[in-house]
Amino acid sequence: MGLFSFKKKKPVIGLTLSGGGMRGIAHIAVLKALEEYNLKPDIISGTSAGSLIAAFYAFGKTPDEMLDIVRKTTFFSRSYLRLSKNGIFSSNFILKLLAEHFPEDNFNVLNMPVYVAATEMTHGIVDFFSEGELFAPLLASSSVPFVLPPVRIGKKIYVDGGVLDNLPIEPIMDQCDFLIASHVNSITYDELTHMSLMKEFDRILHLAIAKSVYSKVKHCDIFLDPPKMTQFSLFNKKFIDVMCDEVYAYTCKELEEKGYRRAEGGNV
């Protein structure tokens with residue numbers, strides 16, 4: 001009679017990444033910390049910037065490689081200004097970035113399941129994309145209203161998924177055993193003085209959607225919400241290194257406090 005060894009099945013780890021414009025880059029720091037604490041995700045959902053980070057990671061880019069891409073890429077530059085009725089900027093810089101780094105415009109190039117959230121304008125619902133063409137859903141999910149133009153997919157018009165669901169846990173919560181969510185839009189409550197138009201837009205947007213985000217915390221095994229993230233710009237990457245260092249340190253501290261220990265060989 002043969003001998004059988006029964007190994008405990010590894011839990012499926014799900015990760016949800018919020019939107020946040022250039023603040024979404026902070027998700028890279030979260031991924032770096034999760035890897036170092038043996039919490040690498042097996043399935044990811046994301047909206048807006050979070051969906052882009054999810055796609056790059058699922059394709060196989062390491063956190064360090066993603067940060068290198070960010071540093072070399074120009075976002076929201078003057079060359080992409082269009083000032084049309086559909087948006088301030090052209091979204092061609094996103095398409096260019098995707099075309100440069102993905103060998104095919106299809107979800108099947110990804111090494112793990114990814115669900116991309118986008119807001120369908122006609123019926124006011126959130127649609128999730130996980131197969132077929134990859135670029136259009138990512139573009140739709142990232143199309144911040146009035147900043148980037150809406151995206152047509154089939155007969156439907158889509159804008160940023162974060163408008164209705166900035167923490168899209170729904171498509172993966174029943175497919176994983178352990179759910180982690182990363183939210184990079186905690187509001188700074190420092191005294192307000194002068195606000196630029198973009199800062200005002202940013203604050204109004206996140207005040208409006210904060211309640212729906214925090215109502216989902218009870219469904220998450222780990223909810224990462226680094227403080228005062230709205231001090232960093234939606235559209236400017238000037239302070240990304242400071243932001244990533246802060247979010248990495250915050251994530252490591254949170255994981256340590258929850259009893260997780262850094263894997264052998266991780267950063268000190």
Side-chain angles (χ1 to χ4, degrees), residues 15-37 39 41 44 46-57 61-77 89 93-94 97 141-142 144 147-148 160-162 166-167 180-193 195-207 209-210 213-214 222-257 262 266-268:
L15 175 64
T16 295
L17 304 178
S18 75
M22 298 308 295
R23 289 194 292 268
I25 295 166
H27 291 312
I28 299 173
V30 169
L31 283 163
K32 184 176 179 66
L34 291 177
E35 284 191 355
E36 292 175 3
Y37 284 80
L39 290 168
I44 311 179
T47 194
S48 199
S51 70
L52 292 168
I53 299 298
F56 273 85
Y57 188 71
K61 296 293 185 184
T62 68
D64 287 341
E65 286 171 339
M66 286 192 284
L67 270 178
D68 190 51
I69 290 169
V70 167
R71 291 188 181 105
K72 292 176 179 177
T73 302
T74 300
F75 303 89
F76 300 108
S77 70
F89 291 93
F93 69 92
I94 299 177
L97 180 68
S141 184
S142 306
V144 180
V147 178
L148 294 172
D160 195 308
N166 207 30
L167 200 72
I180 304 170
S182 175
H183 176 246
V184 292
N185 302 290
S186 60
I187 297 171
T188 301
Y189 290 104
D190 297 333
E191 186 175 345
L192 298 175
T193 52
M195 294 182 75
S196 67
L197 183 61
M198 283 302 185
K199 279 279 188 183
E200 185 178 341
F201 172 76
D202 183 1
R203 194 169 188 86
I204 290 170
L205 174 65
H206 289 100
L207 285 171
I209 63 180
V213 167
Y214 291 112
I222 296 177
F223 179 67
L224 299 168
D225 191 33
K228 296 187 176 183
M229 287 298 288
T230 53
Q231 67 180 299
F232 301 109
S233 172
L234 268 179
F235 306 110
N236 189 312
K237 68 173 186 176
K238 184 177 179 182
F239 298 106
I240 61 164
D241 288 322
V242 173
M243 177 180 69
C244 285
D245 286 348
E246 289 185 9
V247 172
Y248 173 79
Y250 161 87
T251 305
C252 291
K253 182 173 181 289
E254 286 289 303
L255 296 177
E256 291 278 346
E257 289 178 354
R262 197 184 303 271
N267 291 345
V268 177

Worksheet item: Among Leu39, Ile53, Thr62, whose side-chain contact (heavy atoms from CB on, under 4.5 Å) with Leu31 holds?
Response: Ile53
Discussion item. With a 4.5 Å cut-off on side-chain heavy atoms, are Ile69 and Leu97 touching?
Written reply: yes
Fill in: Side-chain heavy atoms of Thr251 within contact of Lys32, under 4.5 Å
no
Discussion item. Using side chain to side chain contact (heavy atoms under 4.5 Å, CB included), reason through Met229 and Tyr250 one step at a time and then give a plain yes or no.
Written reply: CA-CA 12 Å; Met229 287 298 288; Tyr250 161 87; over 6 Å; no
Minimum heavy-atom separation for [X] to [Y], with atom names?
| X | Y | result |
| --- | --- | --- |
| Val30 | Ser182 | CG2-OG, 3.5 Å |
| Lys253 | Glu257 | NZ-OE2, 2.7 Å |
| Asn166 | Gly162 | OD1-CA, 3.5 Å |
| Ala49 | Gly20 | CB-N, 4.4 Å |
| Gly19 | Ser48 | CA-CB, 3.8 Å |
| Thr230 | Asn185 | CG2-O, 3.9 Å |

Drop me the distance from [X]'s [atom1] to [Y]'s [atom2], to the nearest 0.5 angstrom.
| X | Y | atom1 | atom2 | value |
| --- | --- | --- | --- | --- |
| Leu15 | Leu34 | CG | CG | 6.0 Å |
| Leu17 | Leu52 | CG | CG | 10.5 Å |
| Lys238 | Met22 | NZ | CE | 14.0 Å |
| Ile28 | Phe56 | CD1 | CZ | 9.0 Å |
| Arg262 | Glu256 | CZ | CD | 6.5 Å |
| Lys237 | Cys244 | NZ | SG | 11.5 Å |

Worksheet item: Is the backbone of Val184 close enough, under 3.5 Å, to the side chain of Ser18 for a donor and an acceptor to pair up by distance?
Response: yes
Worksheet item: Counting N and O atoms only, with roles assigned by atom type, does the side chain of Thr16 sit under 3.5 Å from a partner on the main chain of Leu167, one being a donor and the other an acceptor?
Response: no
Item to complete: Please say whether more than 12 non-hydrogen atoms of neighbouring residues, nucleotides or ligands are located less than 6.0 Å from OH in Tyr214.
Response: yes
Practice prompt. For the pair Cys252 and Tyr37, evaluate side chain to side chain contact (heavy atoms under 4.5 Å, CB included) and give the outcome as yes or no after the intermediate values.
Written response: CA-CA 8 Å; Cys252 291; Tyr37 284 80; 3.8 Å; yes
Discussion item. Could you walk me through whether Leu255 and Ile222 satisfy the side chain to side chain contact (heavy atoms under 4.5 Å, CB included) test, starting with their C-alpha distance in whole Å, then the side-chain angles of each, then the deciding distance to 0.1 Å, before giving a yes or no?
Written reply: CA-CA 9 Å; Leu255 296 177; Ile222 296 177; 3.8 Å; yes
Discussion item. Suppose we screen for ring-ring contact (aromatic ring centres under 6.0 Å, His included). Which residues come up paired with Tyr57, at least two apart in sequence or across chains?
Written reply: none
